[in-house]
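Since the model is a prediction, treat every value here as computed from it, not as a measurement. Ligands are counted one by one from 1 in listed order, and the atoms in each one are counted from 1 as well. Side-chain atoms are counted along with the backbone in the values below, which use heavy atoms only and exclude waters and symmetry mates.
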Amino acid sequence: MGTPLLLHACCGPCSLEPLRLLREEGFEPTICWTNPNIQPLEEHDLRLRTLMDWARDVAHVEVVIAGDDRERWERAVAPFGFDREARCRACYALRLSEACRTARDLGFSHVSTTLVVSPYQLFDTCHEVLEGLAAAHGLTTVWRDFRDWYPTATTRSRELGMYRQNYCGCRFSAAEAAIERHEARDARKAAKAHIG
Ligand code: SF4
């Protein structure tokens, strides 16, 4: 038996590599879902369903559904709007405090998050938030830099036919991602015109 660990999961595709690598290290993860940041609600439900199907049919890992307080997210996070650093810090704090509370209530001593696999996330901010919350709940943080495995996670999730979203979760990130895609497309067009 490995060391029990509560692994906060932001979605199915981001869970693939952390689960595999933490198991290899000798941990026995249980996944914890608490993501009231995902908008709209249909998108939230689709990501949760994707995670649950993979957990049951492929990964054989238990999933605990913790609180998903969407109104609280609106009060605590949405006011930061497009101030990305402040907004994401508050969003990590909301979700990871619920994960830590759940871990403590269920008797876990170790906690981690799949947020660490995505290069999009604010790695150091997330680390700082999790360390503080884990300490406040008497838990040990298992913090690893899984970002090198992001391309593998992309490939594996495609092979598994998993739903893959193209924005982090909130409406602000959906707008930011759309703008980035437009800018990238314009840059490609400009480069092509230049070559021509
Ligand atoms: S970009 Fe992602 S982490 Fe940041 S506030 Fe939005 S949903 Fe939360």
Asks: For atom 5 (S) of ligand 1, what is the nearest protein heavy atom, given as residue, atom name and distance?
Replies: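 Of every protein heavy atom, R87 NE, 3.3 Å lies nearest to atom 5 (S) of ligand 1.
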Asks: So F172 and F82, would you call those rings parallel, tilted or perpendicular, with 30° and 60° as cut-offs?
Replies: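 F172 and F82: perpendicular rings.
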Asks: Within C88, is some N, O or S atom less than 2.8 Å away from atom 4 (Fe) of ligand 1?
Replies: yes
Asks: For R72, does the CZ atom sit with more than 12 other heavy atoms under 6.0 Å from it, leaving out its own atoms?
Replies: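 Open.
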Asks: Can Y92 and E128 be counted as having a side-chain donor-acceptor contact under 3.5 angstrom?
Replies: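 No - no donor-acceptor pair under 3.5 Å links their side chains.
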Asks: Quick one: which ligand 1 atoms are inside 4.0 Å of a heavy atom on S173?
Replies: 1 (S)
Asks: Do NZ/NE/NH1/NH2 and the carboxylate oxygens of E159 and R156 come within less than 4.0 Å?
Replies: no
Asks: Please confirm whether the backbone N or O of G81 pairs with a side-chain atom of R87, one donor and one acceptor, at under 3.5 Å?
Replies: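 Looks like yes, one N/O pair under 3.5 Å.
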Asks: At under 4.0 Å between heavy atoms, is it the side chain or the backbone of Q39 that contacts ligand 1, or both, or neither?
Replies: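 No part of Q39 is near ligand 1 at this cut-off.
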Asks: Is any side-chain N of the basic residue among R47 and E43 closer than 4.0 Å to the acidic one's carboxylate O?
Replies: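 Yes, charged N to carboxylate O under 4.0 Å.
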Asks: For ligand 1, which atoms have a heavy atom of C170 less than 4.0 angstrom away?
Replies: 1 (S), 5 (S), 6 (Fe), 7 (S)
Asks: Under a 3.5 Å distance rule, please check whether R147 uses its side chain to pair with a backbone N or O of Y120 as donor and acceptor.
Replies: no
Asks: Of all the non-hydrogen atoms in the protein, which one sits nearest to atom 2 (Fe) of ligand 1, and at what distance?
Replies: C168 SG, 2.3 Å
Asks: Distance under 4.0 Å to a non-hydrogen atom of Y92: what atoms of ligand 1 satisfy this?
Replies: 3 (S)
Asks: Counting backbone and side-chain atoms alike, does C91 have an N/O/S atom under 2.8 Å from atom 6 (Fe) of ligand 1?
Replies: no
Asks: Which atoms from ligand 1 have a heavy atom of R95 less than 4.0 Å away?
Replies: 3 (S), 8 (Fe)
